Structure formats: structure tokens, C-alpha cells
Amino acid sequence: MMVLKACMVAITLFLSFCQDDSEYEGKSKPKRQTYEDPDPYKNLIQWLKDGKAEISKVQIEVKSEGYRTLRATQFIRQGEWVLFIPRTHYLSLDEVKKSCLINRKMIQINYKPNNIQTYFVNHLLQENRRQYSFWKPYIDVLPKDVSGFPTYFDAEQDALLKGSPTLFTVINQRKVFKEEYENLKEAVKEFQKYGYTYNDFIKFRILTISRSFTVQIGDKEQQQLLVPLADFLNHDNNGFLQYGYSKDADGFFMQAVRNIQKGEELFYNYGQWSNKYFFMNYGFASLTNPMNQFDFDICLNKNDRLFNLKIQLTKGNMCWGNRLVNETDHDTFRQSLATVRFTQISKLDDFLQLEEDVEKFKQFWPGWHTTTKTIELEKATFKALKELLVIELGNFASTIEDDQRRLNDPKTPEFRKHIIMLTMREKQIIKKNIDVCDQMLQVIDKNSEELKNLMKYYQYKEITRFVNSQIIPMKIEQEGIA
């Protein structure tokens, strides 16, 4: 019986894949199960049940077009599967490459997309045109409005990102999407034949980005999957679900990592990513994201009298991308500080000492290899880092106080709140690091004993480790010489 059912599903899929152009226009109806309830969510559930998905432990809750979620219909013990979607009812890269006409043409002419998600986009575009597609119950519940994603922002909304490194990423993403669309139109005549618009393309590209799961299937490399119903689950830093592929059951599962109460909203952690990543890929940001960061560039000054020597050492590089997080006792702060330190070396003796220190490295990188030299250099370093961060902070379109006021305003649209949270956290990180620079500059001229006593106080916790390990030893050496 199970074999017969599996064969029937396979035949259904095959018929869906082999529809001719007339069916693209809805002129013929295949002989297969259709789902025509006015409620698309009921159609999705019935379609999944007919495909032998195990979904009885969850139910859909639609709070708004922009917020759908799943809740537990019963108590679920730690370790139990919360849901299971068989292979026949999720989309894998292998599947969409075989089942989509445009993808097959791309492979035939050896066209390489700029991202593998283009294969999923083409498949969704194809199935969206098919009135009686096997995947219709899934496609019908995909979000209709994706205007909250930055790709769709207009000039006014872009202006809200002024000063944030995310703006550059947004502009670049638009460029990449447009190039891919135009290249597909030119290279694959079938893509142009079916009249897919740019708006169609980027809508399904965004949906693919925001709904894909990366799963290890057998011995193969990790694969991206589009998994119906599982993509209703929202992110939480303390998410209590994990997912994977079961070889025995031949499908995708979600598993509880703790006990779940009946009626509880279900969450999983999308990953340890920055707000910029979440904003670009999922359209949201969070003030409580522990992985928040601020990206910025540190560059050599062409007027530096040691500029030519430094360029030789860096093999032509004069700018380096760096990032800061909310913790200053962190590798990102130390690397940023070391990069600024490299730009501030002004004495030939210090530079020659650095050259000698890094001879053993094949590639010199300022953030890893520029160690402390003198108190004078450290003072110049913290001063320069502060000046750089003050400029970065001044580039934003609003202040932290303005942001807080807008967040508290009930009239602020939801998507704007996410822009505010993104840029506000970046500014708070910058401000925190400026304060640390100020604190260092206030104490760096004190002698070793004074520094030892000061570092016992909690108010200096952000700089204690650096002062104890770097500044005080240099002070003691300096005082001994004196």
C-alpha cells in the first residue's frame, strides 16, 4: 500500500513537471487532487496531510499578513518531532533543477546564476503560472506583500539608512538582482517568452531568501530547502526547535529541544547573525540581538610620511573592513584597535620594529599583526579611533534620542521600526566604543601604580583587561628606564 501511494505521488509530480505551454495559461486541467477551499491555509494543511506529512502537533495562527506563526496543539516532550514534511512536499535544489524548464535550459547552455537561489525563483515563477500546479497550496500561502524588505525601499526609506553600512549592502543587492534578471532574459529565451517581470523575479527571490533552510542530507553537501509550513516559524534568540533531515523517514523534521506546552508559540533560532543580516534576509531587526555589530573601514592617510613603506608592507592594500560589537573586551575591538594603530605609526623605528615582527607571516594584516609599541602610539591610536567613530556617528540621519522617540510612537509603521532598531543599535555600539576611547584617554597618562588602583573599580571594567595586559607593562618599563 505504501509503495502504491508513493508511486501515485511520483506520477502526480511527473505530470506537474511535464505540463505543456497550454497549461501555463490554464487551458487544461490535470487529473489530480485539487484544493479549492476559500481558506488557503486549510488547503495547505490538507495538501500536506494527503502527502503523509505529520503536522497534528501544530496549528497555524495568522496575526497579520506580515506575521504568521505556529502554535503547539498539545504538550510536546523534549526530543519529539514537532512536525515532519516528506521529501515529496518540500523543494530541494536537485528537485527544482530537474522540474523547471528554465532551469533545465540554463544547465543545457551552461548558464551559471550568481546565486543558487535563482533556481528556486525560476521554479516558483513557473509553478505560480500553472493554475493546477502540484505546488499551488504552498504558493497560495506565500506572503503577498514583501515591500518591507529593503530591496523595495524608495529614496525616502533609503534616507533612513543614511550612515549605516547596510545602505551599501541594499544598493548592491538591487544591482545584483537586476543584473541576474537582465542576464536571464538575454541568455534563456524561455524566461523572456513567459513574460516574467522584474517585480515577479525579485518578489520570489526575496521569498526564497527569507524561507530557505540549510540541511545536511546524507553524504551530500548541505542543501537549501523550501519547506512548507516549517517556514511559518519565527525567530527568537532562545528558540527551542532544531531541524534536520531523516534518512529513515526520508524527509524534513523539526524537533523540540525542550518541553513545549500546549498553546505555546513555536520559535527557532535563525542563527548567530547580525541585525544587518536579519534585515537583509528576513526584513527585521532586534534591539536584543547579541550579535549586533557595526561595520566600518579603516584606511591609511595618503599624507602619512610612512605611506609608501606601509603600502609596500600591505602589498598595495590601504583600507581594511572592520567591525565593532557592544563588548570592547572582544577580538573585534582589538583588531580594529590594531588596524588604527598601524595607521598611526609615525616613527620609523616603530615601523622597522613592526617589519621585523611580521617577517614570519606570509601575508601581513594590520588587525592581527600590529602589536603595542609605546604609550605615545597607544595614545595616538585611541585618539584616532575616537575621531573616526565620531565622524561615523555624525553620518547617521538621526540621533539615538530621535530613534527612541520614534520607536515609542504608535504611529510609526512596523517596517520603519525595524529600520530604526537596525540603525539605533549601530549608533549605540559606536557610542559605547567612543566612551571606551574617552576612558582610555583619561587614564593613559597616569603612572603604573595609579592605573593598578583604578582598574580595581567596576566603572573601568571595559578597559581593565587591556590596561592590565598592555598599558601597565609598558608603564613599568618606562618608569624603570626613567
Side-chain angles (χ1 to χ4, degrees), residues 67 69-70 78-79 82 115-117 148-150 161 164-170 172-173 206-217 221-227 230-245 252-258 260 264-296 320-337 339 365 367-368 417-433 436 462 465:
Y67 194 95
T69 188
L70 298 180
Q78 179 181 348
V82 175
N115 192 294
I116 62 170
Q117 289 165 349
F149 283 78
L161 289 170
S164 171
T166 306
L167 180 57
F168 172 80
T169 307
V170 171
N172 187 61
Q173 185 187 69
I206 288 169
L207 289 172
T208 300
I209 293 171
S210 62
R211 316 188 84 70
S212 62
F213 295 83
T214 303
V215 181
Q216 183 79 40
I217 298 180
E221 295 181 357
Q222 288 188 330
Q223 288 197 41
Q224 285 193 23
L225 307 178
L226 293 183
V227 187
D231 59 8
F232 280 61
L233 291 163
N234 293 303
H235 167 77
D236 190 277
N237 293 332
N238 300 311
F240 43 86
L241 300 175
Q242 62 185 14
Y243 64 83
Y245 169 80
F252 174 97
F253 66 85
M254 277 279 184
Q255 184 177 37
V257 298
R258 65 161 172 80
I260 299 172
E264 190 172 353
E265 185 172 358
L266 304 177
F267 295 96
Y268 83 97
N269 190 324
Y270 289 4
Q272 302 300 309
W273 303 107
S274 68
N275 264 351
K276 183 171 82 168
Y277 179 89
F278 285 136
F279 188 67
M280 293 300 303
N281 292 281
Y282 301 100
F284 72 83
S286 169
L287 291 177
T288 59
N289 180 6
M291 302 304 292
N292 280 327
Q293 65 186 51
F294 175 71
D295 302 324
F296 68 116
W320 300 270
N322 283 263
R323 62 189 175 98
L324 294 171
V325 299
N326 204 45
E327 298 176 32
T328 51
D329 189 9
H330 193 277
D331 282 344
T332 57
F333 180 79
R334 289 186 279 273
Q335 289 162 14
S336 297
L337 195 66
T339 307
W365 189 58
W368 284 106
K417 287 185 178 181
H418 289 290
I419 300 175
I420 293 168
M421 286 188 282
L422 169 74
T423 58
M424 181 177 174
R425 285 301 287 130
E426 289 175 334
K427 283 175 274 194
Q428 288 173 333
I429 288 171
I430 296 171
K431 181 67 168 58
K432 170 78 171 287
N433 283 272
V436 167
E462 296 289 345
R465 182 177 174 184

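Everything numeric here is computed off the predicted structure, so don't read it as measured data.
Pairing each heavy atom of Ser336 with each of Leu324, the nearest pair is OG-CD2, 3.6 Å. Between Leu207 and Arg211, the closest heavy-atom pair is O-CG, 2.7 Å. Contact record, Asn326 with Lys432: O-NZ, 2.7 Å, taken as the closest heavy-atom pair. Between Phe252 and Val227, the closest heavy-atom pair is CD2-CG1, 3.6 Å. Closest approach of Glu426 and Gln293 over heavy atoms only: CG-O, 3.8 Å. Residues Asn322 and Thr339 come closest through the heavy atom pair OD1-OG1, 3.4 Å.
Between Leu225 and Ile217, the closest side-chain pair of non-hydrogen atoms falls below 4.5 Å. With a 4.5 Å cut-off on side-chain heavy atoms, Leu241 and Phe267 do not count as touching. Side-chain atoms of Val215 and Gln223, non-hydrogen and from C-beta on, never get closer than 4.5 Å to each other. Inter-residue side-chain proximity for Pro165 and Phe294 is flagged as met; some heavy-atom pair is nearer than 4.5 Å.
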Using the rule given for side chain to side chain contact (heavy atoms under 4.5 Å, CB included), can you reason through Leu266 versus Phe240, listing the C-alpha separation, both sets of side-chain angles and the distance that settles it, and then say yes or no?
CA-CA 8 Å; Leu266 304 177; Phe240 43 86; 3.9 Å; yes
For side chain to side chain contact (heavy atoms under 4.5 Å, CB included), just list the numbers for Arg334 and Arg465, CA-CA rounded to whole Å, side-chain angles, deciding distance to a tenth of an Å, and then say yes or no.
CA-CA 11 Å; Arg334 289 186 279 273; Arg465 182 177 174 184; 4.0 Å; yes
Under the side chain to side chain contact (heavy atoms under 4.5 Å, CB included) criterion, do Ser212 and Leu226 qualify, and how do the steps go?
CA-CA 5 Å; Ser212 62; Leu226 293 183; 4.1 Å; yes
How far apart are the C-alpha atoms of Glu265 and Asn234, what are their side-chain angles, what is the distance that settles it, and do they pass the side chain to side chain contact (heavy atoms under 4.5 Å, CB included) test?
CA-CA 9 Å; Glu265 185 172 358; Asn234 293 303; 4.1 Å; yes
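Residues Gln117 and Thr208 have side chains that never bring a donor and an acceptor to within less than 3.5 angstrom of each other. Between the side chains of Thr214 and Gln222, not a single donor N or O lies within less than 3.5 Å of an accepting N or O.
The aromatic rings of Tyr282 and Phe284 sit tilted, their planes meeting at an angle between 30° and 60°.
Between the side chain of Thr328 and the main chain of Glu462, a donor-acceptor pair closer than 3.5 Å is present. Side-chain N or O atoms of Gln255 include one that pairs as donor or acceptor with a backbone N or O of Gly79 at under 3.5 Å. Remark: side-chain polar atoms of Asn275 are paired, donor with acceptor, to backbone N or O of Ser286 under 3.5 angstrom.
In this structure Asn433 satisfies the side chain to side chain donor-acceptor pair (under 3.5 Å) test with no other residue, sequence neighbours excluded. In this structure, the side-chain contact (heavy atoms from CB on, under 4.5 Å) partners of Leu287, at least two apart in sequence or on a different chain, are Leu407, Met421, Met424, Arg425. Considering only residues two or more places apart in sequence or on other chains, Phe279 meets the side-chain contact (heavy atoms from CB on, under 4.5 Å) condition with Pro150, Phe153, Leu161, Thr166, His418, Ile419, Leu422. Qualifying side-chain contact (heavy atoms from CB on, under 4.5 Å) partners for Trp365, counting only residues two or more places apart in sequence or in other chains: Trp320, Gln335, Trp368, His369. Under the side-chain contact (heavy atoms from CB on, under 4.5 Å) criterion, Trp273 pairs with Tyr277, Phe278, sequence neighbours left out.
Taking CG of Asn115 as the reference point, atom CD of Gln224 lies at 7.0 Å (rounded to 0.5 Å). For the atom pair Ile209 CD1 and Met280 CE, the distance stands at 7.5 Å (nearest 0.5 Å).
With Phe213 as the partner, the ring-ring contact (aromatic ring centres under 6.0 Å, His included) test is satisfied by one option alone out of Tyr270, Phe253, Tyr268: Tyr268.
For residues 269-296, the set of pairs meeting the salt bridge (Lys or Arg N to Asp or Glu O under 4.0 Å) definition, not counting sequence neighbours, comprises Lys276-Asp295.
Counted within 6.0 Å of CZ on Phe168, heavy atoms from surrounding residues, nucleotides or ligands total 12 or fewer; the atom is thus considered open.
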